[in-house]
Protein chains: 2
Amino acid sequence: MARWEPNARGRLRDAAMDLYAERGYEQTTVADIAERAGLTARTFFRHFADKREVLFGGSLQLEELMVAAAEAVPADAPPMRAVIAALEATAEPLGQDQPHSRRRQALITATPELQERELIKLATLSAALGAALRRRGVPEPEASLAAETGIAVFRVAWERWLDAGEERPLADVIREAVGRFETLVAAA
Amino acid sequence: MARWEPNARGRLRDAAMDLYAERGYEQTTVADIAERAGLTARTFFRHFADKREVLFGGSLQLEELMVAAAEAVPADAPPMRAVIAALEATAEPLGQDQPHSRRRQALITATPELQERELIKLATLSAALGAALRRRGVPEPEASLAAETGIAVFRVAWERWLDAGEERPLADVIREAVGRFETLVAAA
DNA sequence: ACGGTGATGACACGCTGTGACATCGAAGGA
DNA sequence: TCCTTCGATGTCACAGCGTGTCATCACCGT
């Protein structure tokens with residue numbers, strides 16, 4: 001007989017998602033979340049750095065995934081090829097649960113505080129990708145430029161995939177965005 | 001004889017900058033800032049939405065400037081031309097006080113909370129630029145793609161301009177970044 | 001002279017996030 | 001079996017952020 005119910009972290013995450021969806025992010029207190037999970041607010045902060053972080057769990061794995069994909073590209077390929085490979089690698093894990101992603105994104109879009117957190121996660125991603133490029137021998141500022149550009153394309157593709165009418169798999173939307181980006185830049 | 005010293009907002013901004021530089025952002029309380037400015041914390045929050053906002057004063061003017069520059073480009077020019085014009089327009093106001101910009105950026109770089117705020121300002125910029133492109137008749141996703149890409153290039157140029165060794169004017173650094181970006185993309 | 005206006009002060013309050021210490025079941029060794 | 005250590009949680013106190021509300025009072029127009 002365990003002293004506590006198992007998976008406190010998961011329970012906190014679920015409780016937070018539910019309450020944020022029910023009443024909105026700002027109308028939910030950490031005490032509310034903890035109570036629904038059968039814990040105390042103090043314990044919430046032992047599992048998550050702050051009230052927002054509960055929504056951004058997998059960002060480290062995503063980073064590792066993108067870096068690994070970039071590193072798997074042949075060393076003599078141009079930098080943008082490695083970046084595109086990194087973007088395409090995200091489609092597999094991120095493209096699974098579109099309804100959940102839509103709910104989550106609606107929440108973020110409605111809450112400036114959460115947008116800030118999402119942006120810094122993307123910036124971290126960009127930095128990691130830039131570092132991976134530099135390890136491939138790409139000099140500055142090309143490495144940062146390629147990484148930032150790639151994340152920008154990803155951001156647009158992601159937003160588009162979450163659009164109401166969109167039904168294609170994420171991988172297709174990303175590839176389309178990359179294609180449109182290339183012709184856009186070629187036109188100038 | 002005025003009841004209060006004039007320019008409360010400016011005094012608060014200066015006091016905040018000084019204290020943030022002296023002790024760091026987190027070690028400075030709003031009460032500290034207000035006291036140095038000869039005001040109360042409550043008054044601080046009447047002038048600035050929160051403790052971070054005091055560092056991001058001119059972002060609205062910057063947005064208007066970029067939008068205006070994009071709109072001034074001939075309507076038949078390709079979208080990326082308008083974006084590049086918007087970037088170049090920022091050089092005039094932003095490229096003036098390099099030492100101040102360096103101090104400010106060092107503060108931001110050292111403080112995640114401030115990075116978040118800076119990122120959302122840049123995202124707002126990107127959104128405004130995208131909207132300006134759409135008004136020029138650029139469809140989605142090209143408009144967002146061009147705007148995001150432009151802001152990404154700007155970000156890299158700005159960072160580079162603040163690098164220790166860098167002595168060229170901001171306009172030159174931006175133009176170089178644009179050039180490198182174009183050859184980078186052409187290579188893939 | 002007088003009433004309205006607008007910036008500020010004063011005060012109370014809820015919420016976030018942290019430090020310090022207590023609690024207690026689980027796991028493992030003698 | 002007993003004892004110790006360990007780790008997750010609870011409890012309490014607290015500083016700081018940001019907001020609502022009401023009071024104050026010089027200034028300004030009439």
Side-chain angles (χ1 to χ4, degrees), chain A residues 1-57 107-108 110-118 120-121, chain B residues 1-57 107-108 110-118 120-121:
Chain A
M1 181 62 190
R3 181 172 181 194
W4 300 285
E5 295 300 310
N7 194 22
R9 188 187 183 87
R11 273 153 51 215
L12 285 166
R13 189 178 13 102
D14 295 346
M17 272 299 295
D18 290 352
L19 286 169
Y20 291 168
E22 282 174 26
R23 335 178 176 166
Y25 173 84
E26 285 156 13
Q27 279 62 50
T28 305
T29 72
V30 172
D32 293 335
I33 299 169
E35 187 189 6
R36 178 167 297 201
L39 295 164
T40 53
R42 190 67 186 85
T43 297
F44 177 93
F45 289 112
R46 290 198 177 98
H47 286 278
F48 301 99
D50 58 49
K51 196 182 158 189
R52 313 176 214 173
E53 199 61 20
V54 71
L55 281 172
F56 297 89
L107 198 59
I108 293 175
T111 316
E113 255 181 272
L114 294 174
Q115 292 174 44
E116 292 191 341
R117 182 54 52 88
E118 172 160 71
I120 207 169
K121 295 292 184 186
Chain B
M1 182 60 191
R3 182 174 180 192
W4 301 285
E5 295 300 310
N7 193 22
R9 187 188 183 86
R11 274 152 50 214
L12 285 166
R13 186 175 19 86
D14 294 345
M17 272 298 295
D18 290 352
L19 286 170
Y20 291 168
E22 282 175 26
R23 332 178 177 165
Y25 173 83
E26 285 155 15
Q27 280 62 49
T28 304
T29 72
V30 173
D32 293 336
I33 299 169
E35 188 188 9
R36 178 166 299 200
L39 295 164
T40 53
R42 191 65 186 85
T43 297
F44 177 93
F45 289 111
R46 290 197 177 97
H47 286 277
F48 302 99
D50 58 49
K51 197 183 159 188
R52 314 176 214 173
E53 199 61 19
V54 70
L55 281 172
F56 297 88
L107 197 58
I108 293 175
T111 315
E113 255 182 273
L114 294 174
Q115 292 174 43
E116 292 191 340
R117 181 55 51 87
E118 173 160 68
I120 207 169
K121 295 292 184 186

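Keep in mind that the numbers below use all heavy atoms, side chains included, and drop hydrogens, waters and symmetry copies. Naming: A, B, ... by sequence-line order, numbering from 1 per chain.
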query: Should A/R11 and A/E5 count as an ion pair when the cut-off is N to O under 4.0 Å?
result: no

query: Taking atom C1' of D/dT19 as reference, at what distance in whole Å does atom NE2 of B/H47 sit?
result: 16 Å

Residue among A/T28, A/L39, A/V54 satisfying side-chain contact (heavy atoms from CB on, under 4.5 Å) with A/I33: A/T28

- prompt: Within the structure, does a side-chain N or O atom of B/T43 lie under 4.0 Å from either OP1 or OP2 of C/dG9?
  reply: yes

Euclidean distance, atom CD of residue B/E53 to atom C1' of D/dG18 [Å, nearest integer]: 14 Å

message: Salt bridge check, B/E53 against B/R13: does any charged N sit closer than 4.0 Å to a carboxylate O?
response: no

- prompt: To the nearest angstrom, how far is A/W4 atom CH2 from C/dC24 atom C1'?
  reply: 7 Å

task: Respond yes when some side-chain nitrogen or oxygen of B/T40 is under 4.0 Å from OP1 or OP2 of C/dG9, and no when none is.
output: yes

message: Tell me if the side-chain of A/R3 makes a donor-acceptor pair with the base of D/dG10, cut-off 3.5 Å, by modelled atom types.
response: no

message: Heavy atoms from C-beta onward define the side chain here; which of C/dA20, D/dT9, D/dG18 lies closest to that of B/K51?
response: D/dG18

field: Value in whole Å for how far the C1' atom of C/dA7 lies from CZ of B/F48
entry: 15 Å

task: Tell me, please, whether B/Y25 has B/R52 positioned over its six-membered ring: NZ or CZ under 6.0 Å from the ring centre and within 45 degrees of its axis?
output: no

message: What residues from residues 14-31 of chain A pass a heavy-atom cutoff of under 4.0 Å to DNA chain C?
response: A/T28, A/T29, A/V30

- prompt: Distance-only, no hydrogens or angles: does the B/R9 side chain make a donor-acceptor pair with backbone N or O of B/H47 under 3.5 Å?
  reply: yes

- request: Could you tell me whether the side chain of A/E118 reaches within less than 4.5 Å of the side chain of B/E116, counting heavy atoms only?
  value: no

query: Please give, in whole Å, the distance from D/dT9 C1' to A/R11 CZ?
result: 11 Å

statement: B/F45 CZ to C/dC11 C1', in whole Å, measures 15 Å

field: Length of the CG-C1' vector between A/L39 and D/dG7, whole Å
entry: 15 Å

- request: Determine, for A/D32 against A/R23, whether the closest basic-nitrogen to carboxylate-oxygen distance falls under 4.0 angstrom.
  value: yes

task: Could you tell me whether B/A41 contacts a base, only the sugar-phosphate backbone, or nothing, with contacts defined as non-hydrogen atoms closer than 4.0 Å?
output: nothing

query: CZ of A/R46 versus P of D/dG10: gap in Å, rounded?
result: 8 Å

